[in-house]
Number of protein chains: 2
Amino acid sequence: MAEKIKVRDRILNVATDLFYRQGYNQTGINQIIAEADIAIGSLYNHFPSKGDLLVAYLEKQEEEWFAAFEHFSKGANTPREKIFRFIDFRIEQQQVSAFCGCPFIKIVAELGQDDDKIHKLVEAHKDKQRVMLQSWFKQLDYEGIDKKLLADNLFLMVEGATISTTISRNTQALESVKKFLRKLL
Amino acid sequence: MAEKIKVRDRILNVATDLFYRQGYNQTGINQIIAEADIAIGSLYNHFPSKGDLLVAYLEKQEEEWFAAFEHFSKGANTPREKIFRFIDFRIEQQQVSAFCGCPFIKIVAELGQDDDKIHKLVEAHKDKQRVMLQSWFKQLDYEGIDKKLLADNLFLMVEGATISTTISRNTQALESVKKFLRKLL
DNA sequence: GTCTATAAGGCGATAGAC
DNA sequence: GTCTATCGCCTTATAGAC
């Protein structure tokens with residue numbers, strides 16, 4: 001029991017990888033069970049439907065995002081350092097994923113506005129990031145433009161740069177945001 | 001011949017609407033021919049495959065984007081006015097589409113990086129918008145931050161705000177960009 | 001938990017008659 | 001251009017035996 005990963009986790013790990021890289025609609029149940037090396041009965045034992053697997057996938061991404069960022073920004077002590085770590089974190093995310101983009105933005109683009117549960121999950125995740133940025137800017141010793149406005153628009157820049165990064169397949173856009181921010185702060 | 005829309009255009013119009021609103025993968029051939037009220041033979045007579053229809057869809061979006069913007073920004077004479085019209089245009093686009101997002105971003109999110117032809121079409125479209133912004137900033141009478149850097153990052157803000165707009169289902173993010181820009185320029 | 005079999009339907013695409 | 005029929009494949013999901 002100690003050395004092997006539980007079936008549920010194996011399913012979720014494989015689904016996570018495939019949903020993120022190939023897309024949700026382009027990933028079939030058969031591919032998931034084949035790559036996870038489990039029986040189809042086991043899948044439906046743990047997840048009643050493919051939609052439930054999608055929800056579990058996004059909840060896992062949500063948890064892991066903040067855990068990974070906390071680890072990534074461990075050394076940052078000042079608000080200014082934290083803000084720059086935020087950008088660097090998203091640069092790293094895109095580099096290790098080979099510019100696959102943001103899983104939350106991707107799923108919204110794929111499913112549209114119909115699925116309310118998914119939509120609200122994404123909205124909550126993005127709001128949490130934005131509020132986090134706002135709190136750092138609030139602590140910042142800076143006498144310039146309205147801090148909340150600056151925080152909100154930096155967030156939008158990073159979101160746009162993430163998209164741009166997946167289109168151009170390089171980190172140029174995210175580096176440009178860093179450069180811009182260095183001129184402001 | 002004068003009063004009726006040609007079959008090819010009827011197919012493309014229906015496909016455009018469905019690909020944009022429902023997504024490419026979630027739109028089937030059968031739905032297209034049903035809503036366009038044409039025979040399946042006619043579709044494959046005009047478009048050899050669904051993929052060819054997708055290319056035609058994006059090329060049409062590309063053409064129409066710049067034509068529509070030219071009309072929208074007709075009254076703008078100064079570079080500053082043109083820049084603000086660019087944001088207002090994208091606000092209007094989201095309002096009339098009920099926050100469906102950007103068709104180019106959506107298709108990249110859906111298909112990933114595999115399809116090279118589609119990817120390059122999107123890249124070219126976004127570059128064209130960015131270069132357009134750069135040229136207005138260049139003409140701008142403004143002594144602040146590096147103009148090219150500012151243009152690039154405004155573009156990223158608008159891209160991010162467009163995404164944010166489809167997630168929150170309101171224009172708040174795009175309005176925030178306008179507010180931010182008014183403080184800068 | 002494993003396996004195989006299969007239901008029920010949608011998919012893109014083709015063929016042939018009119 | 002229209003129509004219907006069909007191919008081969010894939011999809012999600014279920015059932016039953018071990």
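Both backbone and side-chain heavy atoms feed into the values below; hydrogens, waters and symmetry mates do not. First the proteins, then the strands, lettered A, B, ... as listed; each starts at 1. Since the model is a prediction, treat every value here as computed from it, not as a measurement.
- Atom CD in A:Gln31 sits about 8 Å away from atom P in D:dT11, given to the nearest Å.
- Atom CG of B:Leu43 and atom P of D:dC3 are 13 Å apart (whole Å).
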Verdict with supporting geometry, A:Asp116 and B:Arg169, salt bridge (Lys or Arg N to Asp or Glu O under 4.0 Å): CA-CA 12 Å; A:Asp116 242 49; B:Arg169 291 186 245 228; 3.5 Å; yes
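- Residue A:Tyr44 contributes atom OH, which lies 17 Å from atom C1' of C:dC3 at whole-angstrom precision.
- Both A:Gln26 and A:Gly41 lie close to DNA chain D; mapped to their nearest nucleotides by heavy-atom distance, the more 5′-ward contact belongs to A:Gln26.
- As a whole-Å value, the separation of A:Asp9 CG from C:dG1 P is 11 Å.
- Ring centroid separation for the pair B:His125 and B:Phe66 comes in under the 6.0 Å cut-off.
- Checking C:dT14, C:dA5, C:dG1 against the side-chain heavy atoms of A:Val7 singles out C:dG1 as nearest.
- Taking atom CD1 of residue A:Ile40 and atom P of nucleotide C:dA5, one finds them 14 Å apart after rounding to whole Å.
- B:Tyr24 does not carry B:Lys106 over the face of its six-membered ring by the limits of under 6.0 Å from the centre and within 45° of the normal.
- Using a 4.0 Å heavy-atom cutoff across all strands shown, A:Asn30 reaches at least one base atom of the nucleic acid.
- Of all nucleotides listed (D:dC3, D:dG1, C:dG1), C:dG1 comes nearest to the side chain of A:His46.
- Listed candidates were C:dA13, C:dG1, D:dT12. Nearest to the side chain of B:Lys50 is C:dA13.
- When each of D:dT12, C:dA15, C:dC3 is scored by its nearest atom to the side-chain atoms of A:Ile29, the top-ranked nucleotide is D:dT12.
- Look at CD1 on B:Ile33: it is 13 Å from C1' on D:dA5, rounded to the nearest Å.
- When the P atom of C:dA13 is taken as reference, atom CG of B:Leu53 falls 10 Å away, rounded to whole Å.
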A:Val177/A:Leu154 under side-chain contact (heavy atoms from CB on, under 4.5 Å): CA gap, chis, key distance, verdict: CA-CA 8 Å; A:Val177 175; A:Leu154 174 65; 3.7 Å; yes
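- Distance from the side chain of A:Asn45 is smallest to C:dG1 among C:dG1, D:dT12, C:dT14.
- Atom CG in A:Leu54 sits roughly 12 Å away from atom P in D:dT12 (whole-Å rounding).
- Taking the six-membered ring for Trp and the full ring otherwise, A:Trp136 and A:Phe84 have centroids separated by 6.0 Å or more.
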